[in-house]
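Heads up, the thing below is written out as structure tokens.
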Amino acid sequence: MAENTTENNLNTTRGTLLAVDGHSLAFRAFFALPVDNFSTESGQATNAVWGFATMLSQVIDAERPDRLAVAFDVKGGTFRNRMLPQYKGTREAAPEELLTQLPLIQEMLAAMGVTYIEKPGYEGDDVIGTLATMGEAAGYHTLVLSGDRDAFQLVDDNVTVLYPGHHFKDLKRMTPAAVFDKYKVTPAQYPDLAALRGETADNIPGVPGVGDGFAAKWINQYGGLDGIIAHADEIGGKKGEALRANLEQIRLNRRVNALVRDVDLGVTVDDLAFGHVDAARVDDLFARLEFGSRTRARILRSFNGGELPKAAGKTEPAAGQENGLAAATPQRIDDAAALEAWAGRWMPEADATPSGTRNDPDATAATAATAPDAPGLAIDADLACADALARRWTLDATGSAKPGQARLETLVLAANGHAAVLRAPLDPALAKATQRLIDTHAGTMTVHGAKEHMHLLAAAGLTMPLPMLDTKLAGYLVQPDFHADDLTHAAAHFLDIHLDEEPEATQGQLDLGDGAAGDEAADEPDGRREATRAAIVDALAAAFGPTLDERRQYGLLKDLELPVSRVLGDMERQGAQVDATRLAAMRDGFAADAEQAQRIAWDAAGDRINLQSPRQLAKVLFEDMGLKPTKRTKSGSYTTNAAALQELYLRASGDERAGDFLGAVLRHRETNKLKQIVQTLIDATNPADQRIHTTFEQTVAATGRLSSVDPNLQNIPNRNAAGREIRAAFVPGEGYTALMSCDYSQVELRIMAHLSGDEALIEAFRSGADFHRYVASLVYGIPVDQISADQRSHVKAMSYGLAYGLSTYGLAQQLRIAPREAEVLKAQYFATFGKVHDFLESCVADARRKGYTETMFGRRRYFPGLKSPNRATREAAERGALNAPIQGTAADIMKIAMVRAEAALRREGLASRIILQIHDELVVEVAPGEEHAVTAAITDAMEHAVTLAVPLDVSSGIGADWQLAAH
DNA sequence: TTGAAAACGTA
DNA sequence: CGTACGTTTTCAAG
């Protein structure tokens, strides 16, 4: 799918030339990195060199240019100084610490085999302009990496400027559209605009009081600088006066900022190949600069194109509008009448046709296991979206979608190439009309992130019906391990459309409008940005719809993921009530414990080290105290994790000082962690309602599970008593009397029993006995009542390890038994449950053949790593492929249960509500008098979410807080 | 300033 | 040398 959209750019297939403005890049690097942190023993500053190399290598990695040249300014001035004596007066005063690094940068480039060009009498910019001209003539697409805005005049269909934003990492792609977007003039007109405005960085004065806005207005009014000068008398006001007073300066500015594009460089573009690194020279230079080995490896790899083969036929994608994205025509809508007029003209007809139609009525096998008697939910694999897709329209909102504090900024309805752009706040009549329009057309609505839109719309008093297609969820089903951060990323990845970041709004968001969007949207009242967003959603829908139909996954989207997203949205909006007083008390208690442990540790160590620093800890343990290390971390240092510290503690029984220290560190680790968790919860509590509104991520976990962020409420301690106390701070809110917790027991094992068809394992579950004891008796061939605690726990660990691809080594490690013993256990286990073994093997084999795994409900996960020549990579993929169908099916089942559970609560008119999901557990806030009905409803929804060869066992508990609801 | 690593909480 | 996550903290980058 990615390839399809690049066909429009056949004019750029020759290759890519990267032309770099060396001085401007060095400047950026110098000011971005603290010089104190980057200097050699002898005091030579290296921050600019390091930053330059890093930036350039990042751009090379991202763009894979075929040709590369770096242009530098030359001392001694240019024709510009003769015209304008003060020219670059400020820049000449560059700090000494930067100037001394320029020769080093050039030396590095030479060693890297990169051509750099200096031309006496000209600036680097002129060289760049010339390179762009030459590149164009030779059929290259040219990328100009420069922090100098004068370069914008070079931009055209074949020249893109990469302009560093506030953080040097995020480069803006300045295409013709992007330049126009930002300045409202064409790239060719940019020098006119700059002449009027001036350039403080180059010490060039413009017309006082005239900025980009006025300059653009005049240029568009009079066609350009010549026109403005000719009509200078017609411009009134103070600004007109200022203009007339500075005409000479402006003319001069314009002559100075025009880049020379025909310098004789003495090279051709074809000469600018690179990739022949002189490793010895690089090593020598890096040694002098005291760069580390990691830097060296990273930089060398980028420049030495040989190691990373170029993608064949890679073309430079142009931005946005030039690349097959037909942006909608925006129209600002301010009242209900205007909206209705717009809708009458552009919206597709609403009709009662459901958003999915039966595609394949003859298909038999596809409707994956569903509960036959389950009201409300069946996942229909025959459901197709092709028909509805043809009549689709897009809803897109921006603002902050954070649950509990959502805020709507803009609302766009787009169809047939036209976009109605609404800005919050909406007056009541407009809100009502909008709601009606959305509701009547929900069956053909496409949206990116229905759940986020629920929050955004709710902030304006609107409700969000479920759409026909959610492109965020669709992208997740299509490729669950790709995580698009926002709409721009999704467009880049799935459509190969590279939009420019929103200029200036660095922290933020051209994304869904969630997060901390600035007020930039208001700067662009024309709605172009909004229309572009809608066009992306539309293009994504056009791409995903057919893919889902082909894969028969539309039912999974429509019948499962979309309903789940509504349930999750409700849960997020409700939030979970916490007892702030209790949390504060816990925090103080844990803090006191941690402090005491720290004191003891410091006394024993004789040094006030930072106990939270593994490095400092390792130094004390393995150097000062001379203890023998246990294991290493994956980067080679000695681990100081809890398991290692325990081991050391056991060994150090004779050494009192080490024993005290280790004990104290362990206690500090535990209590400090708990303190941190509690503090995070305190910080996340919404002061308005004393509730914590987490966000459930529905498109992050590659297996199909949910995750929880900001804060994560799926990792509240539960394993030991001290941590579990934290759950006592989760309480029912006003108008509710209890919390109920319901969880599946051994779902994943039950799924394995079902999917493998292993009679012995199925019987183990049907018998209703103590499962692990029962399994142990089979494995060891001993009567159930003679199974020891050890035997039971060993078998239990084995059972749980199965679904993870546990090795005998790992099993031995965990059970603290000999590897040989673990091997015997594993052999015995598989002898008893042969079909389980076969099933696990078949998961991997199927995945190797098809390229992906599948859950019971058709959720896929792709595993390209199965074909890797690298053993570690391959084996990791194998474990993933073994686990994904099991973990994924469990996730599917819980999602079905959630939808059924909420439907049941509503059907029975209960006020109780689901507030949390922790993978196999649901937490419900229970209204007075509903204890019994809620327990029955939720338990039933979970137990009968799906019919398997084994029963689904659900246990529940209810109490005055989450801890007391344990069972 | 950024990103990786280490640690540790959950299922 | 067991899967799937998220958060906090430190520290290197030199």
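Both backbone and side-chain heavy atoms feed into the values below; hydrogens, waters and symmetry mates do not. Letters A, B, ... mirror the listed sequences (proteins, then strands); counts begin at 1.
- dT10(C) atom C1' lies 9 Å from atom CD of Gln616(A), rounded to whole Å.
- Residue contacts shown for Thr808(A) are absent, as no nucleic acid heavy atom lies under 4.0 Å away.
- Within the 4.0 Å cut-off from OP1 or OP2 of dG2(C), at least one side-chain nitrogen or oxygen of Ser807(A) is found.
- Among the heavy atoms of the strands lying under 4.0 Å from Gly810(A) are primed sugar atoms or P, OP1, OP2 only; no base atom is included.
- The side chain of Gln612(A) lies closest to dT9(C), out of dA13(C), dA4(C), dT9(C).
- Shown here are the salt bridge (charged side-chain N to carboxylate O under 4.0 Å, His left out) partners of Arg705(A), two or more places apart in sequence or in another chain: Glu748(A).
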Using residues 873-893 of chain A as the side-chain source, report each donor-acceptor pair under 3.5 Å to any protein atom, sequence neighbours left out, with the distance given to one decimal.
from, atom 1, to, atom 2, distance (Å)
Thr873(A), OG1, Asn870(A), OD1, 3.3
Arg874(A), NH1, Ser868(A), O, 3.1
Glu878(A), OE2, Arg848(A), NH2, 3.2
Asn883(A), OD1, Gln887(A), NE2, 3.2
Asn883(A), ND2, Ala803(A), O, 2.8
Gln887(A), OE1, Thr703(A), OG1, 2.7
Thr889(A), OG1, Met856(A), N, 3.2
Thr889(A), OG1, Pro885(A), O, 2.6
Asp892(A), OD1, Arg859(A), NE, 2.8
Asp892(A), OD1, Arg859(A), NH2, 2.8
Asp892(A), OD2, Thr855(A), OG1, 2.6

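- Salt-bridge formation is not detected for the pair Glu854(A)/Arg861(A): no Lys NZ or Arg NE/NH1/NH2 atom is positioned less than 4.0 Å from an Asp or Glu carboxylate oxygen.
- Asp710(A) comes within 4.0 angstrom of the backbone, heavy atoms only, and of no base.
- Distances were taken from every side-chain heavy atom of Gln814(A) (C-beta onward) to each of dG2(C), dA13(C), dC11(C); the shortest belongs to dG2(C).
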Contact letters for nucleotides 5-11 of chain B, in which S counts primed atoms plus P, OP1 and OP2 and B counts the base, heavy atoms under 4.0 Å: SSSBBBB
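- The distance from atom CD1 of Ile609(A) to atom C1' of dC11(C) is 15 Å, rounded to the nearest whole Å.
- Side-chain contact between Leu706(A) and Lys895(A) is present, with heavy atoms from C-beta onward closer than 4.5 Å.
- For Asn610(A) and dT10(C), the shortest distance from a side-chain N or O to OP1 or OP2 is below 4.0 Å.
- In this structure, the CD atom of Gln917(A) is 13 Å from the C1' atom of dA4(C), given to the nearest Å.
- In this pair, Trp50(A) and Phe38(A) present their aromatic rings tilted. The plane angle is within the 30 to 60° band.
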All N/O donor-acceptor pairs, side-chain side in residues 635-645 of chain A, below 3.5 Å, sequence neighbours left out:
from, atom 1, to, atom 2, distance (Å)
Ser635(A), OG, Thr633(A), OG1, 3.3
Ser637(A), OG, Thr633(A), OG1, 3.0
Tyr638(A), OH, Arg632(A), NH2, 3.1
Thr639(A), OG1, Asn641(A), N, 3.1
Thr639(A), OG1, Asn641(A), ND2, 3.2
Thr640(A), OG1, Arg669(A), NH2, 3.2
Asn641(A), OD1, Ala643(A), N, 3.3
Asn641(A), OD1, Ala644(A), N, 3.0

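- As judged by a 4.0 angstrom heavy-atom cut-off over every strand, Arg288(A) is placed among residues making no nucleic acid contact.
- Considering only residues two or more places apart in sequence or on other chains, Phe30(A) meets the ring-ring contact (aromatic ring centres under 6.0 Å, His included) condition with none of them.
- One finds a side-chain N or O of Ser707(A) lying less than 4.0 angstrom from the OP1 or OP2 phosphate oxygen of dG6(C).
- As a whole-Å value, the separation of Leu33(A) CG from dT2(B) C1' is 9 Å.
- The pair Asp593(A)-Lys675(A) does not meet the salt-bridge criterion, since no charged nitrogen lies less than 4.0 angstrom from a carboxylate oxygen.
- The CE-P distance, from Met55(A) to dG3(B), rounds to 13 Å in whole Å.
- The stretch residues 695-702 of chain A comes close to DNA chain C through Val700(A), Ala701(A), Ala702(A), each having a heavy atom under 4.0 Å from the strand.
- Geometric assessment of Arg296(A) against the ring of Phe291(A) yields a negative cation-pi assignment under the 6.0 Å and 45° thresholds.
- Nucleic acid contact for Leu289(A): sugar-phosphate only, since backbone atoms but no base atoms lie under 4.0 Å from a heavy atom of the residue.
- A cation-pi geometry, defined here as NZ or CZ lying under 6.0 Å from the six-membered ring centre and within 45° of its normal, does not hold between Arg667(A) and Tyr649(A).
- Rounded to the nearest Å, the gap between the P atom of dC1(C) and that of dA5(B) is 14 Å.
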